[in-house]
Protein chains: 2
Amino acid sequence: MNAAESTILDRGFGGTTVNAVIEQADVSKGAFFHHFSSKAELGRQLVQRYADKDTQHLEQTLVKAEGLSDDPLQQLLIFVKLFEQEIESLEEPFPGCLFASYLQQSELFDDNILDIIRESMLLWRTRVLEKLKTIEKRYSHHNDVDLESLADMLMVIFEGSFVLSQSLNENKIIAQQLAHYHNYLKLLFEEKP
Amino acid sequence: MNAAESTILDRGFGGTTVNAVIEQADVSKGAFFHHFSSKAELGRQLVQRYADKDTQHLEQTLVKAEGLSDDPLQQLLIFVKLFEQEIESLEEPFPGCLFASYLQQSELFDDNILDIIRESMLLWRTRVLEKLKTIEKRYSHHNDVDLESLADMLMVIFEGSFVLSQSLNENKIIAQQLAHYHNYLKLLFEEKP
DNA sequence: ATTTACAAACCAACCAGTCGGTATGTTATA
DNA sequence: TATAACATACCGACTGGTTGGTTTGTAAAT
């Protein structure tokens with residue numbers, strides 16, 4: 001299943017054959033179809049697992065950030081910074097996002113699968129938006145920005161920087177872009193001296 | 001070729017069969033292979049055409065923005081705003097970016113093709129970076145941000161918002177995110193009253 | 001003794017690509 | 001102007017190989 005995931009991240013779901021997966025995983029075809037009723041079912045279980053890990057990662061990082069400060073703005077800034085550091089500490093190039101991979105071939109998947117992805121992405125929106133609303137209450141900032149799209153911007157920067165880092169082979173791009181999001185939040189909400 | 005492009009944007013290159021393309025385009029298999037020596041050659045010609053249009057679009061919009069103001073910061077802000085308006089004026093959902101589609105299946109393409117994409121993306125970096133450097137000279141801003149990654153951020157926001165808008169079926173996301181980039185640039189460089 | 005976990009051989013459908021042939025020009029020659 | 005010579009655009013049946021998926025056999029675990 002890990003083998004399948006990395007192959008699909010390299011070649012896309014449609015460009016990945018079952019034969020390629022079982023060769024990579026070093027199992028027989030019989031074993032494959034014993035575990036998965038079809039290739040589509042593999043695709044479903046793969047996103048499901050990926051989405052679960054993604055959600056878990058989101059929640060854990062949020063809890064961690066909340067433990068490091070009482071101030072909601074600082075919590076959010078730390079939250080972003082934690083991802084920044086995490087990405088920075090990778091030495092292999094980032095493997096890519098399965099969600100984006102699936103979405104680039106959305107006609108190959110049925111709506112249930114696309115719903116799993118949508119739910120995962122909406123959870124990011126929700127969690128960040130909650131923080132932003134708390135911040136808005138506490139800080140009287142004069143800029144009136146749309147908070148929902150500002151929350152979405154985190155995922156936008158993730159997905160966008162994955163694409164660029166893939167093309168330019170520059171892993172650092174991801175952390176740099178997260179730093180810009182971090183900076184943008186500071187400029188929007190932080191009290192000026 | 002238009003038919004091929006839209007099919008590939010929906011299903012990815014690996015998930016698109018030649019039969020699907022010729023059916024969509026309503027041509028015979030003979031005609032297809034008369035014009036393209038192979039499926040891979042179609043892929044090559046398709047990105048080449050897409051990259052040419054992309055570059056042209058970039059340069060034209062830049063010229064247009066430069067014609068609307070003498071101030072480099074205003075030029076860049078107008079530049080972003082022009083894309084924002086362009087996206088807003090679309091009524092059909094945005095079809096997606098062929099570059100991102102290819103990059104999600106990078107193992108399916110040879111290096112020449114990936115180079116075409118890289119060159120296109122680097123041109124965006126170059127053009128925006130030029131403007132940012134001019135702005136930096138003219139405006140004495142105290143924030144010291146990395147200009148190269150700030151230039152990259154435009155493409156990051158494009159690609160990232162394409163992904164999100166594809167998943168959430170919300171076309172407005174793209175314009176909203178461009179507005180945030182616009183706002184970020186203003187906060188970074190614009191003189192405070 | 002039955003179920004689970006796998007392996008190997010196998011299958012029909014489909015794939016990218018080929019091939020012999022046709023229709024429609026275009027140019028050269030007379 | 002008529003015709004021969006050639007070029008380009010195109011067709012769709014066909015092919016060898018690959019695809020996702022099945023069937024049958026078997027060895028271990030319960």
Side-chain angles (χ1 to χ4, degrees), chain A residues 1-51 96 98-99 101-117, chain B residues 1-50 96 98-99 101-114 116-117:
Chain A
M1 211 148 151
N2 291 331
E5 186 173 307
S6 80
T7 307
I8 287 176
L9 283 172
D10 284 346
R11 317 180 69 92
F13 188 78
T16 302
T17 67
V18 173
N19 284 335
V21 171
I22 65 175
E23 198 173 321
Q24 183 82 20
D26 200 34
V27 295
S28 68
K29 196 166 256 193
F32 178 90
F33 281 101
H34 177 71
H35 289 291
F36 307 102
S37 61
S38 67
K39 188 192 173 191
E41 173 62 15
L42 166 70
R44 223 212 73 253
Q45 286 194 35
L46 224 45
V47 248
Q48 187 63 67
R49 190 183 71 148
Y50 194 89
L98 197 68
F99 293 160
S101 175
Y102 275 46
L103 288 169
Q104 291 291 348
Q105 324 191 85
S106 53
E107 290 290 315
L108 266 39
F109 303 99
D110 57 36
D111 289 341
N112 314 345
I113 287 185
L114 298 177
D115 281 344
I116 293 172
I117 297 174
Chain B
M1 210 147 152
N2 291 331
E5 187 173 307
S6 80
T7 308
I8 286 175
L9 283 172
D10 284 346
R11 318 180 71 91
F13 187 78
T16 302
T17 68
V18 172
N19 285 335
V21 171
I22 64 174
E23 199 173 319
Q24 183 81 21
D26 200 33
V27 296
S28 68
K29 193 165 260 191
F32 178 91
F33 282 101
H34 178 73
H35 290 292
F36 307 102
S37 62
S38 67
K39 189 192 172 191
E41 173 62 15
L42 167 70
R44 222 212 75 252
Q45 287 193 34
L46 224 45
V47 248
Q48 187 63 67
R49 191 183 70 149
Y50 194 88
L98 197 68
F99 293 160
S101 175
Y102 275 44
L103 288 169
Q104 291 291 349
Q105 327 193 111
S106 53
E107 289 291 314
L108 266 41
F109 302 100
D110 57 36
D111 289 341
N112 314 344
I113 287 184
L114 298 178
I116 292 172
I117 297 174

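Chain letters run A, B, ... following the sequence lines, proteins first and then strands; every chain starts at 1. All heavy atoms count here, side chains included; hydrogens, waters and symmetry mates do not.
For A/Ala31 against A/Val27, the heavy-atom pair with the smallest separation is CB-CB, 4.2 Å. Of all heavy-atom pairs between B/Gly43 and B/Ile113, the closest is C-CD1, 4.3 Å. Across A/Leu114 and A/Ser106, no two heavy atoms sit closer than the pair CD1-O, 3.9 Å.
Listed by residue number, the members of residues 106-115 of chain A with any heavy atom below 4.0 angstrom from DNA chain D form an empty set.
For A/Asp26, the CG atom is loosely surrounded, since the number of other residues' heavy atoms within 6.0 Å does not exceed 12.
Using a 4.5 Å heavy-atom threshold, the side chains of A/Gln45 and A/His35 count as separate. For the pair A/Ile116 and A/Tyr50, the minimum side-chain heavy-atom distance is 4.5 Å or more. Contact annotation: the side chain of A/Phe109 never approaches that of A/Val47 to less than 4.5 Å [non-hydrogen atoms, C-beta and beyond].
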Item checked: Base versus backbone protein contacts along nucleotides 13-20 of chain C [heavy-atom cut-off under 4.0 Å; B, S, -] -> --SBBB--
For residues 9-24 of chain B, please give each side-chain donor-acceptor pair under 3.5 Å, one per line with the distance, not counting sequence neighbours.
residue: B/Thr16; atom: OG1; partner: B/Gly12; partner atom: O; Å: 2.5
residue: B/Thr17; atom: OG1; partner: B/Ala20; partner atom: N; Å: 3.0
residue: B/Asn19; atom: OD1; partner: B/Lys29; partner atom: NZ; Å: 2.8

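If you take NE2 of B/His34 and P of C/dG21, they are 19 Å apart, rounded to a whole angstrom.
Every pair passing salt bridge (charged side-chain N to carboxylate O under 4.0 Å, His left out) that includes a residue from residues 40-50 of chain B is listed here, sequence neighbours excluded: B/Glu5-B/Arg49, B/Glu41-B/Arg44.
Nucleotides of DNA chain D that come within less than 4.0 Å of any heavy atom of chain A span, from the 5' end to the 3' end, D/dT19 to D/dT22.
Scored by the ring pair (Phe, Tyr, Trp, His ring centres under 6.0 Å) test, B/Phe36 finds B/Phe32 as partners (sequence neighbours excluded).
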